[in-house]
Q: 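First, the structure itself, so that you have it in front of you.
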Amino acid sequence: MNTRLVELATAVIERNGGTVDCGSMAEFDCASYNADVHRDDRFPAGADELRRRLEATDALVVSSPEYNASVPGVLKNAIDWVSRFHPQPFHERHTLLLSASPSMVGGNRGAWALRVPFEHLGARVYPDMFSLAQAHLAFDDDGEIANAELRRRFEATIVGFMDLAEAAKHYPCVKTAWVEYLGEHPEPAVDRVQ
Ligand SMILES: Cc1cc2nc3c(=O)[nH]c(=O)nc-3n(C[C@H](O)[C@H](O)[C@H](O)COP(=O)(O)O)c2cc1C
């Protein structure tokens, strides 16, 4: 289900002028983190591959299921390994979180849990997330999100994220200051308040 959501996200990004390097966790497989192994500065090949691929990108999109209301261990383990590289490649990396699961909350608790390590590592985690509820029923025969309103929200979330990543890359003022910037016109009725 998350693979399908990633394929749809890839299509949206490419339609809107981006290029995508699509990875799956099988490419970033790491043995369980072990400080005794790492002490000699030895990293699993999967961690090195994830670091290399991250460093070649302007932004990161992750789609993950939730396991027991949290981050799947395989993903957290890979984040832990990669966090030990210097420079640490999640730092200041614009990151969008997606999730899909058969449940009514679409893996959203896992996405919230994933914010914690990413934000701890200085990733710029986009305020909006997209979680596809009842994902086993949510795709039509062509593999698109069947519900038109959800499809519109999915695309709008990704395009808003791309606008921010693009601005952060090209405008130094956005690069140095993390501001919540959704690219929307001011509208007092819906503006976020502190
Ligand atoms: C160990 C384990 C724990 C799970 N815990 C949850 C959960 O807390 N919430 C949920 O919505 N789904 C849970 N699931 C179901 C997954 O969301 C489901 O396997 C889903 O298909 C995973 O997405 P995928 O198709 O992209 O692999 C769990 C599955 C496993 C294997």
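When a ligand or atom number is given, it counts from 1 through the structure's own listing order. Given the structure is predicted, the values throughout are model-derived calculations rather than measurements.
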Q: Please list all pairs meeting salt bridge (charged side-chain N to carboxylate O under 4.0 Å, His left out) that have one or both residues in residues 8-21, counting only residues at least two apart or in different chains.
A: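 Checked against salt bridge (charged side-chain N to carboxylate O under 4.0 Å, His left out) - neighbours excluded - the pairs reaching residues 8-21 are R15-E155, D21-R53.
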Q: Tell me which pairs pass side chain to side chain donor-acceptor pair (under 3.5 Å) where either residue lies in residues 101-123, with sequence neighbours left out.
A: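 Residue pairs with at least one partner in residues 101-123: E66-R109, S101-S103, N108-W112, N108-S131, R115-E119.
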Q: Considering only heavy atoms, which protein residues lie less than 4.0 Å from any atom of ligand 1?
A: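 Correct list: M1, N2, P65, E66, Y67, N68, A69, S101, P102, S103, R109.
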Q: Using a strict threshold of under 4.0 Å (side-chain N to carboxylate O), is an ion pair present between E166 and K169?
A: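 Looking at E166 together with K169, the answer is no, because their closest N to O distance does not fall below 4.0 Å.
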Q: Answer with yes or no whether the side chains of Y33 and H38 bring together a donor and an acceptor at under 3.5 Å.
A: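 Yes, because at least one side-chain N or O of H38 sits under 3.5 Å from a partner of the opposite role on Y33.
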Q: For the residue pair F90 and T95, establish whether any side-chain heavy-atom pair is separated by less than 4.5 Å.
A: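 They are not in side-chain contact.
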Q: Can you list everything that forms a side chain to side chain contact (heavy atoms under 4.5 Å, CB included) with R39? Sequence neighbours excluded, please.
A: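 Checked R39 against side chain to side chain contact (heavy atoms under 4.5 Å, CB included); matches are D36.
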